[in-house]
Amino acid sequence: MSSNWIKSAVFYEIYPNSFMDSNGDGYGDFKGITAKLDYIKSLGCNAIWLNPHYDSPFMDGGYDVRDYFKVSDRFGTEEDFDEMLATAHAKGIKIILDLVPGHTSEQNADFLKSAEPVKNEMYDRFIWTDGIWRNYDGVNGLGGRHDRDGKYIINYFATQPALNYGYNRIDYPEWQMPYTSEAAKATREWLKSVMRFWLDRGADGFRVDMADSLVKNDGERNEKPATTELWRDIRAMLDKEYPDCVLVSEWSDPQAARAGFHVDFMLEFASNPYNLLVRGDKERKRRAYFDPAGGDAKAFADGFIDWYKQVNEAGGNIGLITCNHDTPRLAPVYDNEQLKLIYATVFTLPGVPFIYYGDEIGMKYIPDIPSVECGFSRTGSRTPMQWSMEKNAGFSSAEHTFLPTFADKQTNVASQQKDKRSLLNFMKEFLAFRRSRKEFISDDFEILYANGSEPLVYKRGGLVVAVNPLKTKQNAPVALPPKVKALFSVGKDAKAQKTCIAVPPLSFTVFGEK
Ligand code: TEU
């Protein structure tokens with residue numbers, strides 16, 4: 001075994017609060033997940049990314065960890081967690097956990113220790129300024145809640161104090177420590193101990209939260225030399241001690257691959273190629289390629305190829321997502337027929353697929369529901385899984401669920417299982433086809449045609465993919481070898497003609513020789 005399993009992995013992301021409630025308390029739990037492993041497998045997924053499962057006061061959906069060595073009792077017992085892991089493994093499903101290395105909860109015992117007025121062993125574990133009355137430009141510090149004479153730096157929300165991995169550029173030597181200092185190294189060793197703890201317990205790897213945020217004043221996203229050095233050190237430890245473990249980063253830059261991450265998500269930031277393909281960039285007034293009003297395939301293709309080449313050269317992979325717990329779901333902006341095209345396109349690009357729970361049935365982003373546990377606008381993507389038309393969409397038997405449930409007749413697992421043409425059944429067929437062709441996990445990738453909103457055509461090994469996001473039929477000036485035929489399609493099959501491919505409206509076709 002080795003971390004090579006990542007090449008053929010297809011992930012399902014589970015936000016544990018919202019997936020399946022087994023005990024009727026209104027929150028999803030480990031036993032609920034265990035009960036649904038067969039469902040996940042039947043979809044064609046062989047791996048799970050579990051959002052934070054740790055003991056937490058949930059002031060940021062669990063990304064505020066109180067105890068890194070304990071599961072949240074909201075999700076069940078330690079035994080329930082182990083049972084979930086063992087059952088998944090028995091079914092051939094890997095589970096990667098969310099690792100939150102940049103910050104703890106303000107209720108974390110080490111933080112509270114560091115907040116005491118007298119020096120102690122945790123004094124330098126977090127970043128504190130050198131006096132409560134002093135102010136520093138550009139420093140995000142909070143003070144006056146604890147007796148330590150200083151302000152603590154936060155990494156995200158006010159409840160999330162930054163762990164001290166040191167600074168690269170030092171502006172205030174009075175309290176900013178070099179990333180090479182003993183204190184910074186001790187934090188890194190502590191992080192390794194957290195990783196070893198969960199790997200020894202059977203976890204298959206980690207999705208690393210805000211992976212680029214550790215060393216402060218470390219340059220832009222595409223630089224971060226000291227943070228890169230830190231992760232390379234951690235990767236070396238893993239390669240030696242846990243060679244099967246994979247690291248997936250929330251960094252969203254090819255630099256992550258150079259830092260040693262097996263996978264890095266291409267997220268919905270600004271003009272990332274992923275945005276130019278499916279989401280658009282409102283600020284810069286750029287429409288997505290899949291926008292029916294017409295987008296720019298060339299802008300996507302140029303950006304994607306450049307990103308892919310860099311990641312591939314560094315031995316990494318791109319994480320391809322339908323959505324995640326921070327991002328608005330693609331429905332209802334797109335209907336289920338468009339989603340079929342989008343999923344098929346995104347997941348035939350070179351990379352590792354991640355399906356956010358519920359996207360396989362076209363669950364909708366719910367705007368304007370009140371924020372719960374600091375979800376804010378993200379809350380609308382975190383509503384409970386829609387299993388059926390039963391009470392609480394089959395998610396829970398509770399009177400009150402932690403977020404409202406929204407079942408509709410079409411958007412639930414039970415009804416889509418019965419409908420041959422449903423998004424759910426499409427996803428299964430598509431993933432089975434993808435699995436059957438090793439071309440999709442090879443690094444043989446070339447874009448053959450990309451121009452405005454015309455059909456996008458690309459090659460994976462001996463296979464050629466042609467997609468048309470518009471409601472009108474279009475030709476792509478690409479000549480295919482005479483022997484090829486359509487092996488898989490969404491909508492009507494595209495037709496290879498002498499000098500072009502005729503691509504029907506709203507269609508996706510994979511051509512190959514057999
Ligand atoms: O998100 C970090 C991040 O990049 C966010 O700015 C994200 O884009 C934002 O939530 C806007 O939608 C990670 C986690 O994924 C997020 O859930 C946590 O709240 C955050 O870190 C802090 O741990």
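As the structure lists them, so they are numbered: ligands from 1, and atoms in each ligand from 1.
One option in Arg207, Glu250, Met59 has a heavy atom closer to atom 4 (O) of ligand 1 than any other, and that option is Glu250. Nearest-heavy-atom check against atom 5 (C) of ligand 1 across Tyr63, Phe269, Tyr156 picks out Tyr156.
In this structure, atom 21 (O) of ligand 1 lies nearest to the protein heavy atom Asp209 OD1, 2.8 Å. Of the protein's heavy atoms, Arg378 NH1, 2.9 Å lies nearest to atom 10 (O) of ligand 1.
When each atom of ligand 1 is checked for a heavy atom of Arg382 under 4.0 Å away, the hits are 17 (O). For ligand 1, the atoms sitting less than 4.0 Å from at least one non-hydrogen atom of Asp60 are 18 (C), 19 (O), 20 (C), 22 (C), 23 (O), numbered in the order shown with element in parentheses. Taking every non-hydrogen atom of His103 and a distance limit under 4.0 Å, the qualifying atoms of ligand 1 come out as 22 (C), 23 (O).
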*Verify salt bridge (charged side-chain N to carboxylate O under 4.0 Å, His left out) between Asp218 and Lys224, making sure each step is shown before the conclusion.*
CA-CA 5 Å; Asp218 197 23; Lys224 308 249 174 179; over 6 Å; no
*Before giving the answer on salt bridge (charged side-chain N to carboxylate O under 4.0 Å, His left out), spell out for Glu106 and Arg145 the whole-Å C-alpha distance, their side-chain angles and the decisive distance to 0.1 Å.*
CA-CA 10 Å; Glu106 61 182 350; Arg145 290 161 75 99; 2.8 Å; yes
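Considering backbone and side-chain atoms alike, Glu268 places every N or O at 3.5 Å or more from each N or O of ligand 1.
In this structure, the side chain of Trp231 does not engage the main chain of Ala257 through any donor-acceptor pair within 3.5 Å.
Taking the six-membered ring for Trp and the full ring otherwise, Trp190 and Tyr165 have centroids separated by 6.0 Å or more. Between Tyr68 and Phe197, the distance separating the two ring centers is not shorter than 6.0 angstrom.
Relative orientation of the Phe354 and Phe265 rings is perpendicular, given thresholds of 30° and 60° on the angle between their planes. In this structure, Phe430 and Phe347 have parallel ring planes: the angle between them is below the 30° cut-off, well short of the 60° mark.
When heavy-atom distances to ligand 1 are checked against a 4.0 Å cut-off, Asp326 comes that close through both its backbone and its side chain.
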